[in-house]
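Take a look at the structure below.
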Amino acid sequence: MPLLYDTPGLRFGEGNRFDEAVVPVPPPNLNRKRRMPKIKLDLSKKTAAQKISLAQAHVTAMTGNANFPDAGRLPPDAAFATALTALETAEADAIVKKNDWKQAIATRDAAEAALDAALTTRASYCEAAQPSDEAALISAGLPLRPAPTPVGDLPAPGDLAATVGDNEGEIDLSCDPVPGASSYEWQCRVHADGNAWQGAKNSTTSKITVEGLIPGTLYAFRVRAIGSAGPGAWSDEATKRAP
């Protein structure tokens with residue numbers, strides 16, 4: 001049986017069926033409030049110059065503006081003009097003083113550089129005139145450089161470690177670098193009472209590999225740093241069995 005539709009003027013199969021409920025479309029809400037526009041000044045984010053430009057543009061826009069006839073609700077034009085003029089004057093004065101300050105700093109820096117050059121020249125003359133007389137140089141009224149501190153009495157290297165090397169009869173040694181050290185002296189001995197220490201190797205780094213050890217033998221190792229004033233203290237021992 002063909003279905004019947006109730007909408008005139010439509011072809012068969014269009015419109016609403018008699019046996020279907022029609023869902024009403026709600027009318028638009030005519031009572032909903034419109035969003036009220038607001039002015040966004042953002043004065044806290046504007047510079048004085050930007051505020052001056054804003055105020056000047058506002059005065060121009062408000063002059064003869066028929067959209068705002070009730071001018072009595074505005075601050076008096078004279079008071080607004082006075083506030084604007086005061087800020088314009090203060091901003092102009094600040095710019096002048098800022099430029100003067102920059103020029104003063106530049107002048108100061110140039111004078112400082114000139115005096116630095118003069119002091120350097122006079123210090124060089126004094127050193128050339130009395131190259132080895134400390135008392136004479138002190139009498140010139142210029143500070144002397146402190147004498148370099150000898151690098152003697154170097155501390156014992158810390159964290160000495162011995163690990164199995166890559167090849168038979170090899171032990172890898174490492175320790176913490178010692179400030180002021182120019183080289184390191186490494187020694188080893190068979191780990192037994194009465195055995196004397198023997199030189200293993202000297203190096204410029206805090207890592208070495210000792211070769212030619214007897215496999216299966218337990219060895220003890222130690223190291224000390226050497227500086228410009230001589231060797232420092234020996235490290236604690238580290239032991240390892242040669243592979």
Side-chain angles (χ1 to χ4, degrees), residues 1-124 141-143 145-146 158-159 174 176-180 205-207:
M1 177 178 180
L3 299 178
L4 300 179
Y5 290 78
D6 66 347
T7 305
L10 297 180
R11 292 178 300 174
F12 181 80
E14 298 179 345
N16 296 319
R17 286 172 47 183
F18 284 114
D19 56 348
E20 283 184 336
V22 177
V23 180
V25 178
N29 186 359
L30 300 179
N31 295 323
R32 186 168 58 184
K33 293 183 179 179
R34 296 177 56 190
R35 178 180 175 275
M36 303 297 291
K38 297 290 184 181
I39 293 174
K40 184 179 180 181
L41 292 176
D42 271 347
L43 296 178
S44 62
K45 299 179 181 179
K46 287 181 169 58
T47 64
Q50 291 171 333
K51 292 176 184 179
I52 291 171
S53 297
L54 176 64
Q56 292 172 338
H58 171 63
V59 170
T60 301
M62 289 293 290
T63 302
N65 192 328
N67 290 315
F68 304 98
D70 192 4
R73 297 180 59 186
L74 292 173
D77 288 347
F80 187 80
T82 298
L84 175 56
T85 301
L87 181 55
E88 289 173 333
T89 302
E91 175 69 1
D93 183 57
I95 291 174
V96 171
K97 290 181 178 178
K98 182 178 181 180
N99 291 335
D100 290 343
W101 175 79
K102 288 183 177 180
Q103 183 59 46
I105 294 298
T107 302
R108 189 277 314 273
D109 290 347
E112 184 179 358
L115 182 59
D116 288 351
L119 282 170
T120 301
T121 299
R122 296 177 73 87
S124 298
L142 299 175
R145 297 179 184 179
D159 199 20
S174 65
D176 292 337
V178 176
T205 65
S206 58
K207 294 181 180 180

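All figures in this text were calculated on a predicted structure; none of them were measured in a lab.
Legend: salt bridge (charged side-chain N to carboxylate O under 4.0 Å, His left out) pairs involving residues 43-66, not counting sequence neighbours: none detected.
Note that NZ of Lys102 and OG1 of Thr107 are 14.0 Å apart. Values are rounded to the nearest 0.5 Å.
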Which side-chain N or O atoms in residues 80-94 pair as donor and acceptor under 3.5 Å with protein atoms at least two apart or in another chain?
{"residue": "Thr82", "atom": "OG1", "partner": "Ala78", "partner atom": "O", "Å": "2.8"}
{"residue": "Thr85", "atom": "OG1", "partner": "Ala81", "partner atom": "O", "Å": "2.8"}
{"residue": "Glu88", "atom": "OE2", "partner": "Gln56", "partner atom": "NE2", "Å": "2.6"}
{"residue": "Thr89", "atom": "OG1", "partner": "Thr85", "partner atom": "O", "Å": "2.9"}
{"residue": "Asp93", "atom": "OD2", "partner": "Lys97", "partner atom": "NZ", "Å": "3.2"}

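In terms of heavy-atom proximity, Asn67 sits nearest to Asn65 at N-OD1, 2.9 Å.
Qualifying side-chain contact (heavy atoms from CB on, under 4.5 Å) partners for Asp109, counting only residues two or more places apart in sequence or in other chains: Ile105, Glu112.
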